[in-house]
Structure formats: structure tokens, C-alpha cells
Visitor: 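One structure follows; several queries about it will come next.
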Amino acid sequence: ARPAEIAKALAIPRPTVYRLLQTLEEEGYIVFSASNNRVRVTRLAASLGDGSATTSLLCQAAGPLFAEYAPKVIWPLDLSIYDNAAMVIQETTHGRSPLSIDRGMTGYRLPMLRTSAGRAYLAFVSEEERQLILRHIENLGLPEDRPFLAPAYLATLLSEARTKGYATREAGEFRPNTSSIAVPVRIDDTTVACVSMIWIRSAMPIREATRYVEMLQEIAARIAEKAKT
């Protein structure tokens with residue numbers, strides 16, 4: 001959350017919130033994001049919540065790595081995690097990429113079936129988790145998701161992603177002006193997040209964009225390694 005959001009939610013003056021956050025940072029319980037004005041809990045705060053600590057570790061690992069790779073990739077990078085039938089962006093370089101057409105993407109929810117991050121996550125999680133997520137999506141009944149729930153189409157889509165090691169979004173199924181590629185972040189054979197690259201669709205065909213896959217996989221592997229330590 002941003003300090004201003006914390007101040008508003010708790011009805012505490014903003015200067016007080018900043019002082020409290022500085023104290024918590026000094027004690028090692030929170031850390032300020034490397035890519036935006038948000039604070040996250042650290043490993044020391046694991047006893048205060050369940051999934052928040054794992055997410056925080058991933059973000060702490062991704063922030064500096066995104067900063068390192070941003071000049072090489074140029075196009076925006078996102079780290080997203082699964083939450084309630086969507087992939088939610090946790091870290092991003094949209095704010096600093098000269099080629100981004102979006103801003104303020106942290107916290108943005110991406111549909112599972114119509115984005116590369118969602119497809120990559122579905123392709124690389126366990127069969128049990130995948131079926132639970134798909135049933136959730138079916139129960140939500142969004143009209144735009146129905147074409148992608150066709151069993152034969154979906155099975156082919158996810159099988160191809162597993163074979164290639166990445167998922168793509170190249171048609172106008174979500175944002176018509178952009179395309180994307182995503183790879184999974186896996187810790188101990190468990191998919192915990194996805195790293196995506198987004199670009200302007202008219203600027204680069206998908207076959208050219210695949211040259212970035214190896215770099216995205218490298219970023220994902222380094223995030224996983226840092227989040228484990």
C-alpha cells in the first residue's frame with residue numbers, strides 16, 4: 001500500500017504514518033518498493049499474515065532485478081501473482097519504460113484466460129489447482145471468457161504453453177493495442193508468480209518478440225532464487 005492510502009484507511013495524519021513506516025523499516029518489518037511509492041512486509045512479518053510475506057519476498061526480489069533488466073528489455077515488465085480468478089500486478093516497470101502506454105499498473109487485475117500471465121500461470125500450476133481456478137472462472141460467468149473455456153481450445157492453448165515454456169497474448173482478446181509474453185516463476189516446482197513483457201502490437205510481431213523469452217526466463221529464475229534465500 002502507499003503511505004497515503006494507509007493514512008486514509010487508519011485516519012492517521014500522513015506525517016505520523018511516514019514516521020511509523022520509517023521505524024518499521026529500521027526494524028526490518030517493512031520495505032519500500034524499488035519501483036513505486038509502496039511499502040511491503042518482509043520475512044520478519046511472516047507471523048503477522050499468511051500470503052503477504054511470500055508476495056513481499058517476490059516483490060523485494062523483483063524490484064532490483066527489474067531495474068537491472070529494464071535498460072536491456074526496454075518494453076515494460078510486470079510481476080503478477082494469482083488472486084481470486086485474476087493475476088494481480090505487484091511490481092512493474094511501466095512507470096519508467098519509455099515505450100509504455102500505461103501508468104499506475106501496480107495492483108491492476110489481469111483476466112486469467114485472456115492474458116499471457118494468466119495463461120502461463122494456468123499452464124504451469126498443478127492439475128488440481130488449474131481445475132479449481134477454471135471452475136471459479138466458469139462460475140463467474142463473464143461473457144468475454146466463454147470462448148476461451150472451450151475444452152479442446154483451452155487444452156491446446158495450455159499444452160503449447162507448457163511445451164514452449166511461455167504463454168502469449170497476440171490477438172485483441174484483452175487489450176487490442178498490445179501483445180504480451182509471460183513465463184512462470186517457480187519455487188521448488190511450484191508456480192508462485194509470472195513475469196510478463198508487454199509491447200505495442202503494431203511495433204513488433206510475436207515471432208520477433210520471442211527473442212526476449214530467454215531473458216524473461218532468466219529474470220524469473222533469479223526472482224525465484226532470491227525469494228528462497
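A quick note: this is a predicted structure, and the numbers were derived from the prediction, not measured.
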Visitor: Do Y212 and W199 have side chains that approach each other closer than 4.5 Å (heavy atoms only, starting at C-beta)?
Guide: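 A side-chain contact is absent here, since even the closest heavy-atom pair is not under 4.5 Å.
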Visitor: Would you name the heavy atoms of R162 and F124 that are closest together and state the gap between them?
Guide: CA-CZ, 3.7 Å
Visitor: Hey, does H94 have a side-chain heavy atom less than 4.5 Å from the side chain of I198?
Guide: yes
Visitor: Between the side chains of T16 and R19, is a donor N or O closer than 3.5 angstrom to an acceptor N or O?
Guide: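 The answer is yes; a qualifying pair exists.
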Visitor: Of all the heavy-atom pairs spanning A182 and A120, show the shortest one and how long it is.
Guide: O-CB, 3.8 Å
Visitor: Give, for atom CG of D78 and atom OG1 of T115, the distance between the pair rounded to the nearest 0.5 Å.
Guide: 10.0 Å
Visitor: So how far is it from L132 CG to I137 CD1, rounded to the nearest 0.5 Å?
Guide: 11.0 Å
Visitor: Which atom names give the shortest non-hydrogen contact between I223 and A62, and what distance separates them?
Guide: CD1-CB, 3.7 Å
Visitor: Could you give the distance from OG (S126) to CG (D189), rounded to the nearest 0.5 Å?
Guide: 11.5 Å
Visitor: Once rounded to the nearest 0.5 Å, what's the spacing between atom SG of C194 and atom CZ of R119?
Guide: 12.5 Å
Visitor: Going by the rule ring-ring contact (aromatic ring centres under 6.0 Å, His included), which residues pair with Y82 if we only count those two or more places apart in sequence or in a different chain?
Guide: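 With sequence neighbours excluded, Y82 shows a ring-ring contact (aromatic ring centres under 6.0 Å, His included) to Y121, given in chain and number order.
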Visitor: Taking P176's backbone N and O only, do any of them form a donor-acceptor pair with R201's side chain (distance below 3.5 Å, no angle check)?
Guide: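 It does hold such a pair.
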Visitor: Could you state whether F174 and L142 fall into the same hydrophobic cluster, counting links through intermediate Ile, Leu, Val, Met, Phe, Trp or Tyr residues with side-chain heavy atoms under 4.5 angstrom apart?
Guide: no
Visitor: Might you confirm whether atom CD of E214 has over 12 heavy atoms from other residues, nucleotides or ligands at distances under 6.0 Å?
Guide: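 No, the 6.0 Å shell around CD holds no more than 12 heavy atoms from other groups.
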Visitor: If you measure from CD on E5 to CZ on R14, what distance do you get to the nearest 0.5 Å?
Guide: 10.0 Å
Visitor: Do the side chains of L21 and L10 join up, straight or via other hydrophobic residues, at under 4.5 Å, putting them in one cluster?
Guide: yes
Visitor: Show the nearest heavy-atom pair for residues N37 and P3, with the distance to one decimal.
Guide: O-CD, 3.6 Å
Visitor: Does a side-chain heavy-atom distance below 4.5 Å link V39 with L24?
Guide: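 No. Closest side-chain heavy atoms not under 4.5 Å.
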Visitor: Would a 4.5 Å heavy-atom cut-off, applied to side chains only, mark Y29 and T23 as touching?
Guide: no
Visitor: Hydrophobic clusters here meaning ILVMFWY residues chained together by side-chain heavy-atom distances under 4.5 Å, can you tell me if I6 and I12 are in one?
Guide: yes
Visitor: Please tabulate, one pair per line, all N/O donor-acceptor pairs under 3.5 Å involving side-chain atoms of residues 164-172, not counting sequence neighbours.
Guide:
| unit_1 | atom_1 | unit_2 | atom_2 | d |
| --- | --- | --- | --- | --- |
| R169 | NE | S180 | OG | 3.4 |
| R169 | NH1 | R175 | O | 3.2 |
| R169 | NH1 | T178 | O | 2.7 |
| R169 | NH1 | T178 | OG1 | 3.4 |
| R169 | NH2 | T178 | OG1 | 2.9 |

Visitor: Between R38 (side chain) and Q90 (backbone), is there a donor-acceptor pair under 3.5 Å?
Guide: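 Not at all, since once roles are kept as given, no pair shorter than 3.5 Å links the two residues.
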Visitor: Establish whether I219 and I81 are linked, either directly or via other cluster members, by ILVMFWY side-chain heavy-atom contacts under 4.5 Å.
Guide: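 Yes: a chain of side-chain contacts under 4.5 Å links I219 to I81.
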Visitor: Heavy-atom distance under 4.5 Å between the side chains of L154 and L113, does that happen here?
Guide: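 The answer is yes, as the side chains (C-beta and beyond) meet within the 4.5 Å cut-off.
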Visitor: With side-chain contact (heavy atoms from CB on, under 4.5 Å) as the test, would you mind laying out the steps for V73 and F66 before giving the verdict?
Guide: CA-CA 9 Å; V73 178; F66 276 10; over 6 Å; no
Visitor: Walk me through whether K72 and E218 qualify under salt bridge (charged side-chain N to carboxylate O under 4.0 Å, His left out).
Guide: CA-CA 13 Å; K72 305 173 188 177; E218 183 178 307; 5.6 Å; no
Visitor: With side chain to side chain donor-acceptor pair (under 3.5 Å) as the test, would you mind laying out the steps for Q22 and E26 before giving the verdict?
Guide: CA-CA 6 Å; Q22 288 170 358; E26 290 169 3; over 6 Å; no
Visitor: Provide the closest heavy-atom pair for M112 versus A86 in the form atom of the first, atom of the second, distance.
Guide: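 For M112 and A86, the tightest heavy-atom pair comes out as SD-C, 3.6 Å.
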Visitor: Using a strict cut-off of less than 4.0 Å between a Lys/Arg side-chain nitrogen and an Asp/Glu carboxylate oxygen, indicate whether E91 and R40 qualify as a salt bridge.
Guide: yes
Visitor: Hydrophobic cluster membership, with links at side-chain heavy-atom distances under 4.5 Å among I/L/V/M/F/W/Y: are Y69 and M197 in one?
Guide: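 Cluster IDs for Y69 and M197 match.
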Visitor: Looking at every heavy atom in both A61 and K226, which two are closest together, and how far apart are they?
Guide: CB-CB, 3.6 Å
Visitor: Rounded to the nearest 0.5 Å, what separates atom CG in L79 from atom OG1 in T106?
Guide: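 Those atoms lie 10.0 Å apart.
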Visitor: Counting only pairs under 3.5 Å, give me each side-chain donor-acceptor contact of residues 202-211, with atom names and distances, residues two or more places apart or in other chains.
Guide:
| unit_1 | atom_1 | unit_2 | atom_2 | d |
| --- | --- | --- | --- | --- |
| T210 | OG1 | R207 | O | 2.7 |

Visitor: Measure the shortest side-chain to side-chain distance between R130 and L122 over non-hydrogen atoms and say whether it is less than 4.5 angstrom.
Guide: yes
